[in-house]
Amino acid sequence: MNIEYTKTEDKPKDWPANEIELNLDNISKCLEEFAKNPNHETKEILISLVSYYDLNQQSHLGLLRTTKYEVAQINSLFIKAQLYNITPLKVYLYELVGIKTRIQKIASWFPEAKETAEISEFNGLFPQLLLYHITYQTYILNKDKEYAEYLIEYAQTVIEQKDSKLHEKFLRYFISMLNDISYFSCTRTAGIWAFNRDEIYRLFKLVSELIKLSKQNPLERPLKGVLMTCISNYILKSRNNYNEDYVCKYVSPEVAVKSLKNKEVWISEIKNLNDEREQKVVPELFKDNEWNTYKWAQNIDFTPQRRYYVSCFSKSINNEKMKEKYGSCIYGYKNDKIAEMISPISFYCNQNIKKIPVLSQVISFDVLYDKDEAKQELVFLCKIIDCFDIHDNDKKIFLEEILQYWILSVKDLKWKEENERRYVIFIYDNYEYNEIDLSTPEILKIRSSLLLDPDFILGENPVKPNLKTRVDIKRYHIYKQKPYLYCTDCLNMDFDTILPKSNTKSCPICESQNITYENFQYL
């Protein structure tokens, strides 16, 4: 890779000349506002700008170009996303690099445009983004195999070069890119990152080879932390073959009213959940571990290392039993941005003793109810850890720490009907947090827009008029670029069903016929 960082450039006089440039400006302004005033509202606006579900939601109208100033903007946003740990923004930037690479390829088809498939300005991207551009460009120009294969082939060409310094540098870019894109929240818009289990293993096998060649220690931070989150994200996301069903929250009418007033989401500490066997199923699997062929993965210590708070959602939409059990008001979400919406804002101080807001870590996954499937997954996890050239005792230590992500992810079969998607927040006693209340330690009360800005609602909801007002404001400020179907009953916005002359006569979610087609206007 030819790397020439683009840091600062003069803004073109006609900037912004297209929707992409306009979006970068808007995101930059919202990110600055979040940095100055970190709270749930500034966070929600920023997350909304970079989170997409429908394929036609983004607009690319305007002048076809890539400038050094634009690359500098992308780099600036990327480093700030790293600083504040805003993973959806990093994912958005990778997707943006992919979109521009794809647009450039299409432009190269027309001789009169005098364009090639190359984007020379992208040589100034940060190495992780440049690595994605290079491998994605090869993928879209050939398309004779999956994207993972091109990524693996590129990594192998680097490994073949006998240069330990190059290996060390490339490892940093490669594992960073893998970790960044592992936070993608929607297979509709980022399906090429939904690696299957074989691809996941081969990718981490390459990572282990790079670690060995560059003489790195996978148990030393920050490499250890990146490996743990990256491995966990891919394995946990790949459950149910990346099943990206809608996710919903069932609450009572009383909770719906309270959430509008206090703008809070209440999240239970693990010991207060209604299953007395929480955290017990995985340890039991390791006690009776004839299925486990790895001798180093024995006598695992499952002692919790921190306080866990768990928010439970369901992938069963409009389920009558769930309504009876948890509440008749259903808040639905199409893009899995829930982790960021409930992520507490914490602070750390840099060398200048300036407080920097950071989104706290939230682990999300579909709960498993099949013990045989859980065993197969744990064997797969051990298989990946076994790739690393470290002592068996160190492999065990690594496994014990990463299993802290797993102990809450497997439940008994009797709970299967809940079809649960779970979000786990780690709270540390010595951190400073903003907009959370732990006066009752069993309940984490966090200020959040989660129940104020759903993607759709179902059931009789006493605060529907208030939610509709918020949705209308959001539509006016954010969703003016592309036409979309709007359902006045469930408040769903669908950008993929946009033509009034189409056969769509009802809302794809609630089947209501009270729909309109919005086209660049606010009603």
Side-chain angles (χ1 to χ4, degrees), residues 171 174-175 178-179 182-183 195-212 215-239 270 277-308 310 361-411 422 424-426 428:
L171 168 66
F174 187 62
I175 189 63
L178 282 180
N179 188 52
S182 74
Y183 286 94
F195 306 136
N196 61 43
R197 291 280 171 91
D198 177 63
E199 291 167 341
I200 292 171
Y201 173 74
R202 291 166 61 201
L203 285 166
F204 283 107
K205 178 70 173 173
L206 284 172
V207 169
S208 70
E209 290 180 43
L210 284 164
I211 290 173
K212 182 178 180 180
K215 299 178 173 59
Q216 300 289 298
N217 184 350
L219 294 183
E220 288 185 1
R221 297 189 181 277
L223 179 55
K224 177 183 177 182
V226 175
L227 283 172
M228 288 180 63
T229 56
C230 193
I231 292 170
S232 298
N233 281 348
Y234 278 116
I235 297 179
L236 293 172
K237 277 181 181 288
S238 61
R239 287 180 175 180
I270 186 65
R277 283 178 45 75
E278 288 285 357
Q279 304 184 80
K280 294 181 179 179
V281 179
V282 172
E284 285 176 358
L285 294 178
F286 273 88
K287 284 182 181 178
D288 179 23
N289 62 352
E290 293 180 0
W291 50 272
N292 184 4
T293 59
Y294 296 93
K295 293 182 179 180
W296 53 265
Q298 311 287 334
N299 302 315
I300 301 299
D301 182 2
F302 287 96
T303 304
Q305 302 298 312
R306 54 188 73 82
R307 277 190 287 170
Y308 300 112
V310 180
Q361 183 184 19
V362 178
I363 296 295
S364 57
F365 45 76
D366 292 353
V367 172
L368 281 185
Y369 304 97
D370 186 317
K371 291 184 180 179
D372 288 334
E373 187 176 349
K375 291 174 184 177
Q376 292 172 11
E377 185 176 271
L378 290 168
V379 168
F380 181 65
L381 172 61
C382 291
K383 181 180 178 181
I384 289 178
I385 296 174
D386 201 51
C387 288
F388 297 109
D389 186 28
I390 54 179
H391 294 299
D392 283 354
N393 190 55
D394 289 334
K395 293 176 184 177
K396 179 184 176 182
I397 292 171
F398 191 94
L399 177 63
E400 286 179 338
E401 292 196 36
I402 204 170
L403 282 176
Q404 293 285 313
Y405 300 167
W406 254 262
I407 54 177
L408 303 174
S409 74
V410 184
K411 297 181 67 172
R422 180 167 280 192
V424 181
I425 299 175
F426 298 164
Y428 300 87

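Just so it is clear, the values below take in all heavy atoms, side chains as well, and ignore hydrogens, waters and symmetry mates.
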Side-chain ion pair, Asp386 and Lys383, N-O less than 4.0 Å: no
Inter-residue atom distance Asn179.CG - Met228.CE, 0.5 Å rounding: 12.0 Å
pair Val310-Glu278: side-chain heavy atoms closer than 4.5 Å: no
Parallel, tilted or perpendicular: rings of Tyr294 and Trp296 (30°, 60°): tilted
Check: Leu381 and Ile231 side chains under 4.5 Å, non-hydrogen atoms: yes
Nearest atoms (heavy-atom pairs only) where Lys395 meets Ile390: CE-O, 3.3 Å
Interatomic spacing from CZ in Arg239 to CG in Asp370 - rounded to 0.5 Å: 11.0 Å
Nearest heavy-atom neighbours spanning Ile211 and Pro218: CG2-CD, 3.8 Å
Worked verdict on Leu399 versus Cys382 for side chain to side chain contact (heavy atoms under 4.5 Å, CB included): CA-CA 7 Å; Leu399 177 63; Cys382 291; 4.0 Å; yes
Atom pair NZ (Lys375) and CG (Asn292), whose distance is rounded to the nearest 0.5 Å: 11.0 Å
Minimal non-hydrogen separation, Phe365 against Tyr405, with atom names: CE2-O, 3.9 Å
From Leu171 atom CG to Leu206 atom CG, the distance as rounded to the nearest 0.5 Å: 11.0 Å
Within-4.5 Å side-chain heavy-atom neighbours: Ile235 and Arg197: yes
Close side-chain approach of Ile402 to Ser232, heavy-atom, < 4.5 Å: yes
Short N-O contact, Lys396 and Asp392, less than 4.0 angstrom: no
Over all atoms of both residues, closest heavy-atom pair of Ser364 and Leu236: O-CB, 4.4 Å
Heavy-atom side-chain contact between Val281 and Leu368 under 4.5 Å: no
Check: Val424 and Ile270 side chains under 4.5 Å, non-hydrogen atoms: no
Test item: Tyr308 and Gln279 side chains (from C-beta on) under 4.5 Å apart, heavy atoms: yes
CG-OG distance between Leu203 and Ser208, expressed to the nearest 0.5 angstrom: 11.0 Å
CD1 on Ile300 to CD on Glu400, rounded to 0.5 Å: 5.0 Å
Greater than 12 external heavy atoms within 6.0 Å of Asn299's CG: no
Leu227 side chain reached by Val207 side chain, heavy atoms, under 4.5 Å: yes
Mutual orientation of the aromatic rings belonging to Phe398 and Phe388 [parallel < 30°, tilted 30-60°, perpendicular > 60°]: tilted
Trp406/Glu377 under side chain to side chain contact (heavy atoms under 4.5 Å, CB included): CA gap, chis, key distance, verdict: CA-CA 10 Å; Trp406 254 262; Glu377 185 176 271; 2.7 Å; yes
Smallest separation among heavy atoms of Ile363 and Phe426, with atom names: CG1-CZ, 4.0 Å
For the student: nearest non-hydrogen atoms of Cys387 and Lys205, plus distance: SG-CD, 3.8 Å
is_close_aromatic(Tyr234, Tyr201), centroid dist under 6.0 Å: no
Test side chain to side chain contact (heavy atoms under 4.5 Å, CB included) applied to Gln361 and Thr229, step by step: CA-CA 10 Å; Gln361 183 184 19; Thr229 56; 3.6 Å; yes
